[in-house]
**Student:** 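The structure is given below, and queries will be raised subsequently.
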Amino acid sequence: MSDFKQQVEFFRCRQEELAGRCVIAPVRRLPRFIAGADCAFSVDKQSIFAVAVVWDRLENATLEVTRAKQAVTIPYVPGFLSFREGPALHEAIGKLKTKFDAVLFDGQGIAHPRACGLATHMGVELNAISIGAAKSLLVGEFDEPGKQAESQSRLQYRGRRVGTVLRTRAGVRPLFISIGHRIDLPSATRIVLACCKGFRMPEPTRLADQLVGQYKAECSILG
């Protein structure tokens with residue numbers, strides 16, 4: 001077996017292990033301090049930049065921002081993106097000194113071929129409440145939700161409900177919400193809606209996306 005095939009098989013086994021450790025449980029109270037994390041790649045795909053933020057939901061304020069930059073060591077393989085992005089995200093989140101109650105990712109949770117997208121992978125490893133709020137579909141079928149904000153429909157995959165297709169703002173494309181870890185789908189949907197402040201994306205991941213773009217630009221200028 002080639003080294004690449006061995007690596008992919010390791011990834012597959014690791015995802016199955018992490019999926020087996022995923023806890024699905026309701027979150028009784030809306031969290032106040034919510035982290036968001038996102039990453040970006042350099043133009044030549046040799047470097048990855050990651051940013052983590054902690055956002056105060058009640059004050060609508062960013063409390064902390066951390067950054068990380070690493071060399072890319074894992075090739076792009078569909079379905080295994082968390083192994084490529086995870087190390088830099090881990091580093092950025094690990095630098096946070098502000099305690100957070102939950103963390104949002106612009107990626108999938110259990111709405112994944114092996115029920116272990118980025119939000120589940122990271123959530124289990126961090127032992128944190130985690131939510132996937134992805135901009136695009138990875139797996140499953142759904143009916144288009146209504147055009148009004150908060151309209152939603154079921155995301156089904158292989159006969160199982162794996163997510164909610166959620167219109168966070170009237171007239172914009174929906175998000176694909178799925179369980180990461182230590183949460184259930186109604187709680188995840190409720191938290192995402194509570195984090196949306198007039199934009200399509202929930203504020204923690206929207207901020208992380210903006211800031212990681214700025215960080216990438218700064219690093220490009222500095223060479």
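Computation of the quantities below employed the complete heavy-atom set of this structure, encompassing side-chain atoms and omitting hydrogens, waters and symmetry-equivalent molecules.
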**Student:** Quick check: do F49 and S47 have side-chain heavy atoms less than 4.5 Å from each other?
**Tutor:**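 Yes - at least one pair of side-chain heavy atoms lies under 4.5 Å apart.
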**Student:** Ring pair (Phe, Tyr, Trp, His ring centres under 6.0 Å), that's the test. Do F83 and F11 meet it? Break it down for me.
**Tutor:** CA-CA 8 Å; F83 295 95; F11 290 165; 4.1 Å; yes
**Student:** Hey, is CD on E17 packed in by over 12 heavy atoms from elsewhere, all under 6.0 Å?
**Tutor:**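 Buried by this count: over 12 neighbours within 6.0 Å.
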**Student:** Run through K147, R200, Q148, Q152 and flag the one making a side chain to side chain contact (heavy atoms under 4.5 Å, CB included) with R167.
**Tutor:**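 Only match with R167 under side chain to side chain contact (heavy atoms under 4.5 Å, CB included): K147.
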**Student:** Within a strict 4.5 Å, meaning less than it, do heavy atoms of the I131 and I177 side chains meet?
**Tutor:**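 Heavy-atom side-chain distance check passes, below 4.5 Å.
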**Student:** Which residues satisfy the side-chain hydrogen bond (donor to acceptor under 3.5 Å, both in side chains) test with R57, sequence neighbours excluded?
**Tutor:**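 Once residues adjacent in sequence are excluded, R57 has no partner under the side-chain hydrogen bond (donor to acceptor under 3.5 Å, both in side chains) criterion.
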**Student:** Salt bridge check: are R32 and D56 linked by an N-O gap of less than 4.0 Å?
**Tutor:**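 D56 and R32: salt-bridged.
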**Student:** I'd like to know if the side chain of Q15 pairs up with that of H121 as donor and acceptor (distance under 3.5 Å, no hydrogens or angles considered).
**Tutor:**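 No - no donor-acceptor pair under 3.5 Å links their side chains.
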**Student:** More than 12 non-hydrogen atoms from neighbouring residues, nucleotides or ligands closer than 6.0 Å to CZ on R173, yes or no?
**Tutor:**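 Counting other residues, nucleotides and ligands, CZ of R173 stays at 12 neighbours or fewer.
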**Student:** Is there a side-chain contact between K69 and Y215, using heavy atoms and a 4.5 Å cut-off?
**Tutor:**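 Yes, side chains in contact.
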**Student:** Does any non-hydrogen side-chain atom of L118 lie less than 4.5 Å from one of E85?
**Tutor:**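 SC-SC contact between E85 and L118 confirmed.
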**Student:** Taking the six-membered ring of F41 (Phe, Tyr or Trp), confirm whether the NZ or CZ of R84 is under 6.0 Å from its centre and within 45° of its axis.
**Tutor:**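 Yes - R84 lies over the ring of F41, closer than 6.0 Å to its centre and within 45° of its axis.
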**Student:** More than 12 foreign heavy atoms under 6.0 Å from CG of N60: is that the case here?
**Tutor:**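 It does: N60 CG has more than 12 such atoms within range.
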